[in-house]
Amino acid sequence: MNKFIVACLVVACFGSSMAKFVGFSVARETAYGPLETPNRLPFEVAFVNTDGCFDLEAGLFTAPVAGHYNFQWNLHTAHSKHPGPIARMVVNSQMKLSAAENGASAKGVNDDVDSASNNAIFEMAEGEQAWLHFDEGRQITATHGRETTFSAFLID
């Protein structure tokens, strides 16, 4: 097949320019919790943050364009006497699903290293918001390895 035909097929299938990446990937570097009241989980480091779509301090993603977004998150706890993290994925104030790690035993004995994760695809309109709701009384331990992460990217 000649190069001209291949180029025309690529343009016909994918458009004349590559689509811009839309999404974010963030992490925590310090301990968080235990909290007296539930709160959005804030983050400290952005690896990728298209057009500032993720507010680190507020822990809030705002969809810059409509489409289907793939979300993933991982929560980490290690050697804590507090219960491990529970984070609920919230889209437009509606709880969708959660990830949980109990952490400490019922007797408050140090647990080893644990994590919880989840992923899902949600359809979002431009301007809609998503976040991780962090439960009261739970803790994420300090992690210089940045094991507690939250990411999303536009699929279509």
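When reading the values below, keep in mind they use all heavy atoms of this one structure, side chains included, and skip hydrogens, waters and symmetry mates. Being a predicted model, the structure only gives us computed values, none of them experimental.
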Q.
With no hydrogens and no angle check, just 3.5 Å: does a side-chain donor-acceptor pair link Gln72 and Asn70?
A.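 Distance-only check passes for Gln72 and Asn70.
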**Q.** Residue pair Thr148 / Arg146, side-chain donor-acceptor N/O under 3.5 Å
**A.**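 Judged by distance alone, the side chains do not pair up.
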Taking the side chain as everything from C-beta on, heavy atoms only, tell me whether [X] gets closer than 4.5 Å to [Y].
X	Y	value
Leu56	Pro42	no
Arg28	Leu41	yes
Phe21	Thr50	yes

Under 3.5 Å, is there a donor-acceptor pair between the side chain of [X] and the main chain of [Y]?
X	Y	answer
Asn92	Gln129	yes
Gln94	Val91	no
Glu44	Glu29	yes

Drop me the distance from [X]'s [atom1] to [Y]'s [atom2], to the nearest 0.5 angstrom.
X	Y	atom1	atom2	value
Ser151	Tyr69	OG	OH	14.0 Å
Leu60	Phe54	CG	CZ	7.5 Å
Thr62	Asp51	OG1	CG	12.0 Å
Asn119	Met89	CG	CE	11.0 Å
His68	Ile121	NE2	CD1	8.0 Å
Leu132	Thr149	CG	OG1	9.5 Å

Q) Quick one: do Phe61 and Phe43 end up in the same hydrophobic cluster if we chain Ile, Leu, Val, Met, Phe, Trp and Tyr together by side-chain heavy atoms under 4.5 Å apart? A)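 Yes, same cluster.
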Q) In terms of hydrophobic clusters joined by side-chain contacts under 4.5 Å, are Val26 and Met124 together? A)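 As far as the 4.5 Å side-chain criterion goes, Met124 and Val26 are connected within one cluster.
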Do you know the tightest heavy-atom contact between [X] and [Y]?
X	Y	answer
Val48	Gly23	CG1-O, 4.1 Å
Gly59	Trp131	O-CB, 3.2 Å
Ala46	Asn49	CB-CB, 4.1 Å

Q) Where does the angle between the aromatic ring planes of Phe24 and Phe150 fall among parallel (under 30°), tilted (30 to 60°) and perpendicular (over 60°)? A)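 Taking Phe150 first and then Phe24, their aromatic rings stand perpendicular (interplane angle over 60°).
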